[in-house]
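We name chains A, B, ... by the order of the sequence lines, and we start the count at 1 in each one.
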2 protein chains.
Amino acid sequence: MKRIAVVEDEPLMREELALMLRKAGYEAMEIREFDHAAEQLEEISPDLVVLDLNLPGVSGFRICREIKGRSSFPVLVLTSRDQMKDELHALELGADEYLTKPCRRERLLARVSNVLKRYEGRANLLEGPGFLLDRQTYTLYIDNRSTVLPKNQGKLLETFLSRSDKTVTKDELCTALWGTTEFIDENALQVNLTRLKKTMTRLGMAHKITPVRGVGYRLEKEAESEPGSGEIPGQENSFGNEEDL
Amino acid sequence: MKRIAVVEDEPLMREELALMLRKAGYEAMEIREFDHAAEQLEEISPDLVVLDLNLPGVSGFRICREIKGRSSFPVLVLTSRDQMKDELHALELGADEYLTKPCRRERLLARVSNVLKRYEGRANLLEGPGFLLDRQTYTLYIDNRSTVLPKNQGKLLETFLSRSDKTVTKDELCTALWGTTEFIDENALQVNLTRLKKTMTRLGMAHKITPVRGVGYRLEKEAESEPGSGEIPGQENSFGNEEDL
DNA sequence: ACAAAACCTTTCATCAGCTGTAAGTGTTTT
DNA sequence: AAAACACTTACAGCTGATGAAAGGTTTTGT
């Protein structure tokens, strides 16, 4: 049974939502504590989050961003804020659906089922700069092609992604590969890294695994050349106000 | 650059849409012939379809269903029909987004970008009863887990899925596996089928690859037992009128 | 009921591709 | 220039997928 978390401060509304979802055959969990909502949600790891934007103390936008920043499940924003600005901002932050209250039962349930359907199989996909990686099989999705990485290369890439943009020590990489940091063969790591880099180049990824001397490595988000080439269409909906309201 | 097909009969509207999309950095293609729209679209295989519901002669619903029936790309329905009934019906049929005209530029572009983002990597996913299969890597997604099938098992399953629910001859299966129908080793096919069945059982799929004596095999959508167990929550939005309007 | 045809299963040798070792070449820092 | 670190290539061992072979089970027709 699919599990849905409801993040909503108004008790009546929350109860009604939860009841409606339960009647439709979902397991509904109510979140009442909003200060560390994102962490709580990560603990619970539901299949979907229904999120209100007007919460006491915290901004719903912030929660949405935090959810989407970490490894992610779908977010359906349900709010009384009907400003276009809010809708666009929420979508920018990665919300999967935006509905305004009041919302009819049927519409909400239809959207919920719709989003869940689209997320089938996505549960374990890690997001990288321009590609996706399946945590379990190490299947790599880039552009419209996919490849299965050898286990070791997959583990390495996974490690880089989960420490996004930070430096990863050799010890960490060795632990990821062999489960132990003792008797590490620096060379073996080296070889595996080389192989990963080679496949990344072959697949045309803007890779950049750069060494950090004496420490380890890091995966750069972008090659530091050609800042002029505008990529990713439809991203011009940039907002001056990137901060929460 | 992402390619978007616009299916809309009203010339002014169509032009405006196409222009808007092009300005946003997409490649827009205008569909003017609606009788075989689904086939045309399959030929083109765009990254997204913007679909009007009120078309002369054909029902937009039908087109939507036809698109989603075959191997699929995302569909954004943009229509002046603001009846809840229509919206639910479209979503039922697998539409990924439903917007009503008039619709502000920003909203449309935001939704377009949103849908496209969610479809990253999905391009080559074949849909089966309760699971997804990646055509290129033979990665199999079921529940929230994924496995990479051995090449042969993948090819077999792929063949079954692309002839959904119809009988597949042994010759077809052999061709899929070895590219030739001559000098077929019936036994080798047999062994590979057994292996596929075994993995499917291991993964808990409601498999049912049944032999059709003297011809070949077929993949049943459902095990023919227990018709009472209601599955798939949120699907109770069933409509009496399954036919097009 | 019987035999033939069709279908299924298990076992085994072969082969491809992933992996770590080893040995040697670059590159940066002191 | 020497030392420390980083990279590359070649090769042999291992794992897991594959097809051949041989034998078992189910279905069908008489």
Basic-acidic side-chain contact under 4.0 Å: E66(A), K68(A)
no
Roughly how far, to the nearest 0.5 Å, is CZ of F160(B) from CG of L193(B)?
5.5 Å
How many whole angstroms separate atom NZ of K170(B) from atom P of dA5(C)?
14 Å
Contact nearer the 5' end of DNA chain C, comparing V148(A) with K198(B)
K198(B)
Take the protein atom CZ of R213(A) and the nucleotide atom C1' of dT30(C), then report the distance between them rounded to whole Å.
11 Å
Can you measure K155(B) atom NZ to dA17(D) atom C1' for me and round it to whole angstrom units?
12 Å
Given dT9(D), dC7(C), dT18(D), which nucleotide is nearest the side-chain atoms of P211(B)?
dC7(C)
Below 4.0 angstrom, N of the basic side chain to O of the carboxylate: do K117(A) and E127(B) qualify?
yes
In whole angstrom, give the distance that lies between atom CD1 of I209(B) and atom C1' of dC7(C).
14 Å
Report which part of the nucleic acid N187(A) touches: base, sugar-phosphate, or nothing (heavy-atom distance under 4.0 Å, all strands).
base
Between dT21(C) atom P and E186(A) atom CD, what is the distance in whole Å?
13 Å
Would you say the base of dA20(D) and the side-chain of D185(B) have a donor-acceptor pair closer than 3.5 Å?
no
Does a side-chain N or O from T194(A) land closer than 4.0 Å to OP1 or OP2 of dT8(D), or not?
yes
Expressed in angstrom and rounded to an integer, what is the separation of Y217(B) atom OH from dT27(D) atom C1'?
13 Å
Reported CG-to-CG distance for the pair L161(A) and L157(A), which is rounded to 0.5 angstrom
4.5 Å
Write down the distance between CG (N152(B)) and P (dA20(D)), rounded to a whole number of angstrom.
12 Å
So, is W178(A) near the phosphate of dT19(C), with a side-chain N or O under 4.0 Å from OP1 or OP2?
no
Given dA17(D), dT21(C), dA20(D), the nucleotide with the shortest approach to the side chain of P150(B):
dA17(D)
May I ask you to decide whether E172(B) forms a salt bridge with K166(B), counting only side-chain N to carboxylate O separations under 4.0 Å?
no
Rounded to whole Å, the CD-P distance (Q190(B) to dT9(C)) equals 7 Å
Identify, between V215(A) and R195(B), the residue whose nearest nucleotide on DNA chain D lies closer to the 5' end.
V215(A)
